[in-house]
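The structure under discussion appears below in the form of structure tokens.
Quick note: numbers below take in every heavy atom, side chains included, and nothing from hydrogens, waters or symmetry partners. Just so we're clear, the structure is a prediction, and the values are computed from it rather than from any experiment.
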Amino acid sequence: SSHEEIAQTIMKQAYAGRSRLNGLKFVKALVQAAKEHLSVDDMADIVAMLNSAKNAKLQANKPKGKKGKKGGNKVTRLHKLAAKGSVHRLQRFLGENKDVQINE
């Protein structure tokens, strides 16, 4: 439908170029502006959609490790802590695991 095509066009333009921060700023500004016009149920639908998309991306990016490995995969634990936004636990984890390399 036309609103989906418009959204795709806007997102491609917002995320074009070197910086994804411009696209993120746009999405945040759009949500801020839209909140005045959305009902609580509308917001709940959006939150559910975003949670579903986030979980799908986390699952897709999850490293495939051996099951039953004692202590778990350090990189997987690092990703989980970062995804939860657990800054204190993330800092403690990195302090205890100085051998973990973070590549972007």
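Closest of all the heavy-atom pairs between Met43 and Lys35 is CE-O, 3.5 Å.
Side chains of Val27 and Met11 form a contact here, defined as non-hydrogen atoms less than 4.5 Å apart. Residues Tyr15 and Leu24 have side chains in contact (heavy-atom distance under 4.5 Å, counting atoms from C-beta outward).
Note: Asn51 CG to Leu58 CG = 10.0 Å, rounded to the nearest 0.5 Å. Taken to the nearest 0.5 Å, the NZ atom of Lys28 stands 13.5 Å off from the CG atom of Leu30. One finds the CD atom of Gln8 at 11.0 Å from the NE2 atom of His3 (value rounded to the nearest 0.5 Å).
In this view, Ser52 satisfies the side-chain hydrogen bond (donor to acceptor under 3.5 Å, both in side chains) rule with no residue, not counting sequence neighbours.
Cluster membership for Met49 and Val31, using ILVMFWY side-chain heavy atoms within less than 4.5 angstrom, is not shared. Under a hydrophobic-cluster definition in which Ile, Leu, Val, Met, Phe, Trp and Tyr are linked whenever side-chain heavy atoms come within less than 4.5 Å, directly or via other members, Val47 and Leu38 are assigned to different clusters.
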